[in-house]
Amino acid sequence: MLTKLSNSKFLIPAMVALIILAAGTGFYISLKQSQNQLVQNNELRGLFWPNPKQIKNFSAKDHNGNAFELSNISGKWSFIFFGYTNCPDICPITMSVMANVYQHLANYYENIQIIFVTVDPERDTTEKLSSYISFFDQDFVGLSGEPTIENSLTRQIGIPYYYNMKKENNNYLVDHSASIFVIDPKTRLIAKLSPPHQPEKIIEQFKNIKRFIDEKD
Amino acid sequence: MKKINGLIFIFIIFLNASIVLAEDISGIDISHLWISEAPPTVSVLVAYVTLKNNTTKTASLVSVSSPLFSSIEIHRSIVKDEVASMERHLSLTIPAKSTIKLLPGDYHLMLFNPKTPLEIGDKPTLTFTFSNGVKILVKAQVKKRKYRKH
Ligand SMILES: [Cu+2]
């Protein structure tokens with residue numbers, strides 16, 4: 001039931017919560033995370049409920065140089081991953097998984113969108129992003145310039161990233177969130193999918209989350 | 001490309017008498033060396049490999065090099081508290097009579113700044129140098145990354 005805790009510092013409160021909950025009727029274990037309740041039960045793991053964060057308007061640029069804002073995610077289920085193109089291992093692994101997920105889900109749903117947001121806007125120009133995105137799937141969206149923009153998805157979702165030795169070295173590495181975030185058609189930050197990522201797991205998690213939201217709304 | 005590799009190979013052979021080929025007398029087998037196909041614009045590629053130490057002594061990989069890249073580093077990907085990072089390792093120890101596999105999402109070779117983009121079917125040569133001075137030249141295969149179950 002209790003699978004992976006997002007942060008070890010939650011471990012003790014979570015264990016206390018578990019003991020209290022075990023005595024009661026509840027089967028959710030909720031952890032406080034950026035003002036969201038993160039559901040930890042198997043069916044709806046990763047769901048931010050009952051108070052998902054409403055995403056506010058933002059203005060980014062996509063990999064074709066076009067404006068990308070709130071209206072571009074409204075009415076769609078968006079999967080968002082944050083990374084950088086000079087990351088040769090974890091990022092392409094995740095992108096391959098998402099390509100797999102997308103190829104499956106796009107057969108059943110019309111409003112699925114996969115977004116890659118760079119946390120390294122200095123090196124990841126629009127051109128670089130464009131070639132990177134289309135390598136995985138022509139339908140994917142890449143957003144550049146993001147972390148520096150006010151109200152950007154990176155800031156609104158609260159993505160951690162950290163540059164290692166950037167000043168000394170142009171081959172610098174960037175530590176970054178490995179989670180995939182899901183925004184629902186009402187532009188609410190609805191779920192966080194935790195690594196390690198596997199297509200089957202993500203597809204099942206998504207279907208459960210979508211069913212839950214469709215029933216609520 | 002092949003021609004250049006061949007020339008460099010012959011050059012290094014003359015340069016260093018301790019050079020040996022992949023199936024060799026050094027007691028270390030290097031296999032499944034592959035580079036993941038990547039978008040042509042990226043500045044960092046990744047290689048994975050299997051290192052088998054048949055000897056009764058610990059072996060230590062201290063460097064990997066190729067004229068095709070500005071530098072090559074041994075890295076390990078780490079995901080901790082849902083944050084992904086990479087740590088650099090200056091050497092890689094292969095205990096006696098054992099095998100170490102560099103696989104996606106774990107240990108890997110970082111290939112910085114390829115001189116030309118690599119394509120499927122390319123077979124660039126990488127030189128593996130061990131702490132005892134042994135150098136082993138291995139041809140890498142450029143392949144499509146396949147999603148694999150853990
Ligand atoms: Cu690395």
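Below, all heavy atoms of this structure are taken into account, side chains as well, without hydrogens, waters or symmetry copies. Numbered from 1 within each chain, the chains take letters A, B, ... in sequence-line order.
Crowding of B/His89 atom NE2: a count of heavy atoms from other residues, nucleotides or ligands under 6.0 Å exceeding 12. Applying the 6.0 Å contact sphere to NZ of A/Lys61 captures no more than 12 heavy atoms from other residues, nucleotides or ligands. For B/Lys115, the NZ atom sits in a packed shell: over 12 heavy atoms of surrounding residues, nucleotides or ligands are nearer than 6.0 Å. In the displayed structure, A/Lys207 atom NZ is contacted under 6.0 Å by more than 12 heavy atoms of other residues, nucleotides or ligands. For CD of B/Glu119, the number of neighbouring non-hydrogen atoms (other residues, nucleotides, ligands) closer than 6.0 Å is 12 at most. The 12-atom threshold is not exceeded at NZ of B/Lys52, counting heavy atoms of other residues, nucleotides or ligands nearer than 6.0 Å. The number of heavy atoms from other shown groups lying within 6.0 Å of CD (A/Glu122) does not exceed 12. Summarising the local packing, CD of A/Glu204 is surrounded by 12 or fewer heavy atoms from other residues, nucleotides or ligands at distances under 6.0 Å.
A/Ser131 is listed as a side-chain neighbour of B/Pro40, based on a closest heavy-atom distance under 4.5 Å. Side-chain contact between A/Pro195 and B/Glu82 is present, with at least one heavy-atom pair separated by less than 4.5 Å.
Looking at every heavy atom in both residues, A/Ile93 comes nearest to B/Gly105 through CD1-N, 3.3 Å. Pairing each heavy atom of B/Tyr48 with each of A/Pro88, the nearest pair is OH-O, 4.3 Å.
Looking at A/Asp89, its side chain never comes within 3.5 Å of a backbone N or O of B/Ser77 through a donor-acceptor pair.
In this structure, A/Asp175 CG and B/Lys80 NZ are separated by 11.5 Å, a value rounded to the nearest 0.5 Å. Separation of atoms SG (A/Cys87) and CE (B/Met110) is listed at 8.0 Å; rounding is to 0.5 Å. In this structure, CE on B/Met86 lies 8.5 Å from CD1 on A/Ile90, to the nearest 0.5 angstrom. The OG atom of A/Ser194 lies 11.0 Å from the CG atom of B/Asp81; values are rounded to the nearest 0.5 Å. Atom CZ of residue B/Arg145 and atom CZ of residue A/Phe136 lie 7.5 Å apart, to the nearest 0.5 angstrom.
With respect to chain B, the highest number of heavy-atom pairs below 4.5 Å among A/Leu173, A/Thr85, A/Ile159 belongs to A/Leu173.
For chain B, the nearby part of A/Pro160 is the side chain; its heavy atoms alone come within less than 4.5 Å. Both the backbone and the side chain of B/Ser43 come within contact range of chain A, each with at least one heavy atom under 4.5 Å from a heavy atom of that chain. Both the backbone and the side chain of B/Glu37 come within contact range of chain A, each with at least one heavy atom under 4.5 Å from a heavy atom of that chain. For chain A, the nearby part of B/Asn113 is the side chain; its heavy atoms alone come within less than 4.5 Å.
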